[in-house]
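Working notes for the structure below.
Positions are given from 1, in the same order as the sequence printed here. Just the heavy atoms: all of them, side chains too, but no hydrogens, waters or symmetry mates, feed the values below.
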Amino acid sequence: NVHAKIDYDADILFEKAIRFSDSKEYCDTLTLSIEVISDGKKFLEMMAKITNGSFLRDPCRIEYKDKLKRWEWQKPRWFLSRGWYTLSTYVAHRLAITLWRNYWTHKGIDPRIPGQEKGYPVKLRQRQQLDLEVLHSKEIVTNFWDTVDNEKRDQILS
């Protein structure tokens, strides 16, 4: 029974860490509080609890949908098997797709599902490379912020 395996405490804790922000439109971007992502090991433990230990276990690849005439990223199996989801599990599945997409780009590995014959468009590859560069730039800023003491942080923000 899927319901019995859910760690609702972790689910609620993660849900409280989700932040909605504006990018191009009102509330079109999700971010996470720094408290949740600052410790990678704790973050992955929380994701494991939310996903019944399946976070990042199955690679998410891209495939061309002929009927829709577009490329789509596969959803993680744990997400599809639920039939329902909380806000936390929805965000966790989107994070998994994003992390896999950036992994394929960073490693230079073809992200298409095995046997996919249609060529993967250069425009999409370039956009994903840009996304990866943005991710790295945030990491640089975050690493800098971690080294700044509280007094200096106050000076920077005021």
Side-chain angles (χ1 to χ4, degrees), residues 2 5-7 10-11 13-146:
V2 174
K5 295 180 183 178
I6 293 178
D7 184 327
D11 199 79
L13 186 64
F14 185 68
E15 190 173 302
K16 289 180 179 180
I18 297 169
R19 306 287 184 261
F20 291 92
S21 57
D22 306 336
S23 207
K24 294 179 183 175
E25 296 180 17
Y26 180 69
C27 290
D28 66 344
T29 304
L30 291 174
T31 59
L32 299 173
S33 70
I34 193 69
E35 294 82 17
V36 167
I37 60 172
S38 62
D39 183 335
K41 185 177 178 184
K42 286 183 181 178
F43 171 74
L44 289 175
E45 286 172 1
M46 183 180 287
M47 294 294 93
K49 289 177 183 177
I50 292 168
T51 64
N52 297 329
S54 298
F55 189 69
L56 300 179
R57 183 169 290 162
D58 301 315
C60 297
R61 294 192 170 269
I62 197 162
E63 64 182 314
Y64 188 77
K65 302 282 188 172
D66 286 321
K67 288 183 180 180
L68 301 173
K69 297 188 185 314
R70 68 177 183 212
W71 290 90
E72 285 192 2
W73 286 93
Q74 295 175 319
K75 293 173 178 58
R77 277 190 270 178
W78 62 263
F79 184 74
L80 293 172
S81 67
R82 286 197 172 200
W84 64 276
Y85 46 81
T86 63
L87 177 60
S88 295
T89 54
Y90 178 79
V91 171
H93 113 274
R94 294 301 306 166
L95 281 171
I97 292 170
T98 300
L99 290 170
W100 277 112
R101 186 186 73 206
N102 283 296
Y103 171 79
W104 302 129
T105 302
H106 179 71
K107 292 292 189 177
I109 300 172
D110 187 347
R112 296 177 298 168
I113 60 170
Q116 180 77 56
E117 292 180 19
K118 185 166 180 66
Y120 191 50
V122 173
K123 276 185 164 182
L124 281 177
R125 286 185 190 177
Q126 289 169 342
R127 183 173 153 244
Q128 288 169 0
Q129 185 61 40
L130 179 62
D131 290 347
L132 185 60
E133 289 168 7
V134 168
L135 181 68
H136 283 303
S137 68
K138 289 179 183 178
E139 183 179 320
I140 291 166
V141 172
T142 302
N143 289 341
F144 162 74
W145 194 250
D146 287 343

### Query
Can you check whether P59 reaches W104 side chain to side chain, under 4.5 Å on heavy atoms?
yes

### Message
Please report the interatomic distance OH(Y64) to CD(E72), rounded to the nearest 0.5 Å.
### Response
10.5 Å

### Message
Once side chain to side chain contact (heavy atoms under 4.5 Å, CB included) is applied, do any residues pair with R94, and if so which ones, sequence neighbours excluded?
### Response
Y90, I97

### Message
Can you give me the closest heavy-atom contact between W71 and I62, atom names plus distance?
### Response
CB-CD1, 3.6 Å

Counting only pairs under 3.5 Å, give me each side-chain donor-acceptor contact of residues 16-24, with atom names and distances, residues two or more places apart or in other chains.
{"from": "R19", "atom 1": "NH1", "to": "K16", "atom 2": "O", "distance (Å)": "2.6"}
{"from": "R19", "atom 1": "NH1", "to": "A17", "atom 2": "O", "distance (Å)": "3.4"}
{"from": "D22", "atom 1": "OD1", "to": "C27", "atom 2": "N", "distance (Å)": "2.6"}

### Task
Could you tell me which non-hydrogen atom of R82 sits nearest to which non-hydrogen atom of I50, and how far apart they are?
NH2-O, 2.8 Å

## Note on the structure
By ring pair (Phe, Tyr, Trp, His ring centres under 6.0 Å), F55 pairs with (sequence neighbours left out) none

Using residues 39-46 as the side-chain source, report each donor-acceptor pair under 3.5 Å to any protein atom, sequence neighbours left out, with the distance given to one decimal.
{"from": "D39", "atom 1": "OD1", "to": "K41", "atom 2": "N", "distance (Å)": "3.1"}
{"from": "D39", "atom 1": "OD1", "to": "K42", "atom 2": "N", "distance (Å)": "3.3"}

#### Entry: Main-chain N/O of D110 paired to R61 side chain as donor or acceptor, under 3.5 Å
yes

#### Entry: side chain to side chain contact (heavy atoms under 4.5 Å, CB included) between R57 and W78, intermediate numbers included
CA-CA 9 Å; R57 183 169 290 162; W78 62 263; over 6 Å; no

### Message
Measuring only between side-chain heavy atoms, which start at C-beta, is L87 closer than 4.5 Å to Y85?
### Response
no

### Message
I want to check something: taking the side chain as every heavy atom from C-beta on, are F14 and L32 in contact at a cut-off of under 4.5 Å?
### Response
yes

## Note on the structure
The side chain to side chain contact (heavy atoms under 4.5 Å, CB included) partners of E35 (sequence neighbours excluded) come to S33

#### Entry: Beyond-backbone contact of W100 with P76, side-chain heavy atoms, under 4.5 angstrom
no

### Query
Okay, side chain of T51, backbone of S54: is any donor-acceptor separation there less than 3.5 Å?
yes

#### Entry: Between CZ on residue R77 and SG on residue C60, distance to nearest 0.5 Å
10.0 Å

#### Entry: With sequence neighbours excluded, residues passing side chain to side chain contact (heavy atoms under 4.5 Å, CB included) with K67
none

